[in-house]
Visitor: 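The structure that follows is given in the form of structure tokens.
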Amino acid sequence: MRLWLQLRDLIVGLDSDMKIVTYNVNGIKARLPRLLEYLAEGDADVVCLQELKASDDSFPAADIEAAGYGAVWHGQKSWNGVAVLTRGAQPIERVRGLAGEPEDEHSRYLECEVPDGNGGTMVVASLYLPNGNPRPGPKFDYKLRWLDRLRSRATELLSEEVPAVLAGDYNVIPHDDDTFSVRAMAEDALMQPESRAGYRRLLADGWTDALRTRHPAGKIWTFWDYQAGAWQRDAGFRIDHLLLSPRAADRLVDAGVDKAHRGREKASDHAPTWVRLR
DNA sequence: ATGCCCGCATTCTGCGGA
């Protein structure tokens, strides 16, 4: 069977593996050289971007197309902004923004249909969950409501029983092991019990945290602050997550962080974080 | 206890980020 699949892939020219990446770029204009470099390295099939910090008309679509990727984006001047890139194909937009608060104009959720690398399709969403600081206050309340709204959409996706990946910057430190210092972050919105509970409810609904599944123990960071020498001290935390629907989790091969990218010149404070699906 | 460092918008500085 395995040989047959390999033979078929050889004949049809399909990859048996899909690398799906989530990458908070912290400003796509400032980060364009790093992003193009990353795409040129060539093993990312789908890239979900967050924090574009750019309006729709200033999204560098031509550069990304020249790198061999189709793109759908949901920009916003100065803040937020998410996109989905697909190598050698155009993502098909499904959902732009979460239901429940019509007055919410933040660009934080973009859901697309993309090739699954095996002749079929899958669903990939790029999401940027609100930071929620300072707490308590309206920003923290907005974060918790947004988590609830995400859960509603995620539940609809589960009922479709499709392979799906919810990839993005969740701004949630799920567990004490996911930060360099519980003490330093104790009062932060990223690791409040309410934030964690919202994230945990997604897992209880049937979503799989890909990184924790592949690496059940140990410290894995996806973010290192620009300040206080956090990168040099390896003082980070894990807030970028890829949640897999059951049919995507069945295909899980590996997950990790392209940590070296955080050490490059003019890097984002987040590193590209990825999952490989069969 | 606070700010450090960054990107963005528009400066002689503020806001948001995490």
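Computation of the quantities below employed the complete heavy-atom set of this structure, encompassing side-chain atoms and omitting hydrogens, waters and symmetry-equivalent molecules.
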Visitor: Just so I know, are the side chains of A:Met191 and A:Arg196 near enough to count as touching, which here means a heavy-atom distance under 4.5 Å?
Guide: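 In contact.
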
Visitor: Look at A:Lys143 together with A:Glu194 and state whether they make a salt bridge at an N to O cut-off of under 4.0 Å.
Guide: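 A:Glu194 and A:Lys143: not salt-bridged.
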
Visitor: Spell out, as yes or no, whether a donor-acceptor pair under 3.5 Å connects the side chain of A:Glu113 to the backbone of A:Met122.
Guide: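 No, because the side chain of A:Glu113 does not come within donor-acceptor range (under 3.5 Å) of the backbone of A:Met122.
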
Visitor: Where is the tightest heavy-atom contact between A:Leu277 and A:Ala248, given as atom of each residue plus distance?
Guide: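 That would be CD2-O, 3.7 Å.
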
Visitor: Please figure out whether A:Pro130 or A:Ala228 has its closest DNA chain B nucleotide nearer the 5' end.
Guide: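 The residue whose closest nucleotide sits nearer the 5' end is A:Ala228.
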
Visitor: Please determine which of A:Phe237, A:Phe180, A:Trp231 meets the ring pair (Phe, Tyr, Trp, His ring centres under 6.0 Å) test together with A:Trp224.
Guide: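 Output: one option passes, namely A:Trp231.
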
Visitor: Would you mind telling me which residue lines up with the more 5' stretch of DNA chain B, A:Gly229 or A:Leu129, judged by nearest nucleotide?
Guide: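 So the residue in question is A:Gly229.
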
Visitor: When rounded to the nearest Å, what value does the distance between P atoms of B:dC4 and B:dG14 take?
Guide: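 My reading of the P atoms in B:dC4 and B:dG14 gives 12 Å.
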
Visitor: Using atom C1' in both nucleotides, what's the gap between B:dG7 and B:dT11 to the nearest angstrom?
Guide: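 It works out to 14 Å between them.
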
Visitor: Identify whether any heavy atom of A:Asn80 sits under 4.0 Å from a base atom; if not, whether one sits that close to sugar-phosphate; answer base, sugar-phosphate or nothing.
Guide: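 No contact at all - A:Asn80 keeps every heavy atom at 4.0 Å or more from the nucleic acid.
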
Visitor: Is it true that a side-chain atom of A:Arg31 and a backbone atom of A:Lys266 form a donor plus acceptor pair closer than 3.5 Å?
Guide: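 Between the backbone of A:Lys266 and the side chain of A:Arg31 there is a qualifying donor-acceptor contact (under 3.5 Å).
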
Visitor: Is the A:Phe59 ring parallel, tilted or perpendicular to the A:Trp73 ring (thresholds 30°, 60°)?
Guide: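 Plane angle under 30°, so parallel.
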
Visitor: Answer yes or no: are there more than 12 heavy-atom neighbours, outside A:Glu65 itself, under 6.0 Å from its atom CD?
Guide: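 Counting neighbours around CD of A:Glu65, 12 or fewer heavy atoms of other residues, nucleotides or ligands fall under 6.0 Å, so no.
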
Visitor: Minimum heavy-atom separation for A:Gln76 and A:Glu105, please, with both atom names.
Guide: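 Looks like OE1-O, 3.6 Å.
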
Visitor: Answer with base, sugar-phosphate or nothing: what part of the nucleic acid does A:Asn171 contact at a heavy-atom distance below 4.0 Å?
Guide: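 Sugar-phosphate contact only - A:Asn171 comes under 4.0 Å of backbone atoms but never of a base.
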
Visitor: Under 4.0 angstrom, heavy atoms only, what part of the nucleic acid is A:Asp240 near: base, sugar-phosphate, or nothing?
Guide: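 Nothing: the residue A:Asp240, judged by heavy atoms under 4.0 Å, touches no strand.
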
Visitor: Would you jot down, in residue-number order, the residues of residues 187-202 of chain A having a non-hydrogen atom under 4.0 Å from DNA chain B?
Guide: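 Output list: A:Leu190.
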
Visitor: Stems in DNA chain B: runs of 3 or more consecutive Watson-Crick or G-U pairs, distances under 3.5 Å?
Guide: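 Result, WC/G-U stems under 3.5 Å: B:5-9 with B:13-17.
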
Visitor: Give the first and the last nucleotide of DNA chain B, reading 5' to 3', that has any atom under 4.0 Å from a heavy atom of chain A.
Guide: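 So the outermost contacting nucleotides come out as B:dC4 to B:dA18.
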
Visitor: Reckon A:Lys266 touches a base, only the sugar-phosphate, or nothing at all at heavy-atom distances under 4.0 Å?
Guide: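 Touches sugar-phosphate only.
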
Visitor: Taking the same atom, P, in B:dA1 and in B:dT13, what whole-Å distance lies between them?
Guide: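 Going atom to atom, P in each nucleotide, I get 29 Å.
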
Visitor: Measuring only the P atom in each nucleotide, how far is B:dC15 from B:dT10? A whole number of Å is fine.
Guide: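 Roughly 15 Å separates the two P atoms.
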
Visitor: Donor-acceptor pair, distance only, cut-off 3.5 Å: does the side chain of A:Arg278 make one with the backbone of A:Asp250?
Guide: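 Looks like yes, one N/O pair under 3.5 Å.
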
Visitor: So what does A:Tyr170 hit on the nucleic acid, given a heavy-atom distance under 4.0 Å: a base, only sugar-phosphate, or nothing?
Guide: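 A:Tyr170: no heavy atom of the nucleic acid under 4.0 Å.
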
Visitor: Closest approach of A:Ser107 and A:Gly75, non-hydrogen atoms and distance?
Guide: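 Closest pair (atom of A:Ser107, atom of A:Gly75, distance): OG-O, 2.8 Å.
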
Visitor: Step through the shown structure and confirm whether more than 12 heavy atoms of other residues, nucleotides or ligands are within 6.0 Å of CD on A:Glu265.
Guide: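 No - once you tally the heavy atoms of other residues, nucleotides and ligands closer than 6.0 Å, there are 12 at most.
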
Visitor: With a non-hydrogen cut-off below 4.0 angstrom, is A:Ala30 in contact with a base, only sugar-phosphate, or nothing?
Guide: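 Sugar-phosphate, backbone atoms only, no base.
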
